[in-house]
Amino acid sequence: PDECFQAYLADVDLVTVDEAYRAMLILADGEDTGKTFDERREKLVARGIAKAEWDLQPENVIDSGSVAYMVCQICRVCGGVNMNLFGRVGLGERRYALRELIYREMVPEDVVDYQYMTGAAMVGLLAKADEVMAKKGLYETQVIELSDETDRDAAGNLIVPPPPQK
């Protein structure tokens, strides 16, 4: 991920919506390819990570519930009964996402639903979300071809180079 951006976030008192959207794209994709806030929002909304109905403005401060919802979507956290029953229909989706992350010890217990997200809290949550994604195997992996099929002749015999001449 973007180490410079994470270092910047760690020193920020309060995280803006634009900064949060950038952080979520870095968490989801390993990079932020969006050039503007509108591009970032479109990408997140199209993938179901954020909701257009929230109507969050780039310069406003992001709340813990909104960040929790986006992290749950990216990390594919299914949640409990309340998150699935009420959150899926838009009734308290951010509140129940935050409760789920508190339950999973990704967010401290003393965080309130619509509390503003600090930079340090965001970096801590991103680190824990990164661990969850790695454990679940959600990161794209590069396939390495280990077969020796290209080292065989037409009859299937292994082609061995001749020993070096002395």
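Remember, it's a predicted structure, so these values are computed and weren't measured experimentally.
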Side-chain ion pair, E100 and R104, N-O less than 4.0 Å: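 A salt bridge links E100 with R104.
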
In one Ile/Leu/Val/Met/Phe/Trp/Tyr side-chain cluster, 4.5 Å: L25, V45: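 Different clusters: L25 never reaches V45 through Ile, Leu, Val, Met, Phe, Trp or Tyr contacts under 4.5 Å.
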
hydrophobic_cluster_shared for M70 and M133, side chain cutoff 4.5 Å: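 Same hydrophobic cluster.
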
If you take all heavy atoms of [X] and [Y], which pair is closest and at what distance?
X	Y	result
K43	G34	NZ-N, 3.5 Å
D38	R41	OD1-NH2, 2.8 Å
L101	C72	CD2-SG, 3.8 Å
G48	Q73	O-NE2, 3.2 Å
F37	L56	CZ-O, 3.6 Å

Residues forming a side-chain hydrogen bond (donor to acceptor under 3.5 Å, both in side chains) with D13, sequence neighbours excluded: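 Partners of D13 under the side-chain hydrogen bond (donor to acceptor under 3.5 Å, both in side chains) test: none.
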
Side-chain touch E93/W54, heavy atoms, less than 4.5 angstrom: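 Counting from C-beta outward, E93 and W54 do come under 4.5 Å.
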
Output a table of donor-acceptor pairs, distance under 3.5 Å, between side-chain atoms of residues 16-23 and any protein atom two or more places apart or on a different chain; print 'none' if there are none.
| residue | atom | partner | partner atom | Å |
| --- | --- | --- | --- | --- |
| T16 | OG1 | E19 | N | 3.1 |
| T16 | OG1 | E19 | OE1 | 3.3 |
| D18 | OD1 | R40 | NH1 | 3.0 |
| E19 | OE1 | T16 | N | 2.8 |
| E19 | OE2 | Y8 | OH | 2.4 |
| R22 | NH2 | D2 | OD2 | 2.9 |

Rounded to the nearest 0.5 Å, what's the gap from [atom1] on [X] to [atom2] on [Y]? Could you check?
X	Y	atom1	atom2	result
T33	I26	OG1	CD1	10.0 Å
T118	L9	OG1	CG	10.0 Å
M122	S64	CE	OG	8.5 Å
D130	K135	CG	NZ	11.0 Å
D32	M24	CG	CE	11.5 Å

With sequence neighbours excluded, what pairs up with [X] under the side-chain contact (heavy atoms from CB on, under 4.5 Å) test?
X	value
Y116	L14, V61
I102	L98, R99, V107, E109
A155	D153, N157

Apart from Y114 itself, residues in the same hydrophobic cluster as defined by side-chain heavy atoms under 4.5 Å: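 Once heavy-atom contacts under 4.5 Å are chained together, Y114 still belongs with nothing else.
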
Exam field: side chain Q57 to backbone D55, donor-acceptor pair closer than 3.5 Å: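 Yes, Q57 side chain to D55 backbone: donor-acceptor pair under 3.5 Å.
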
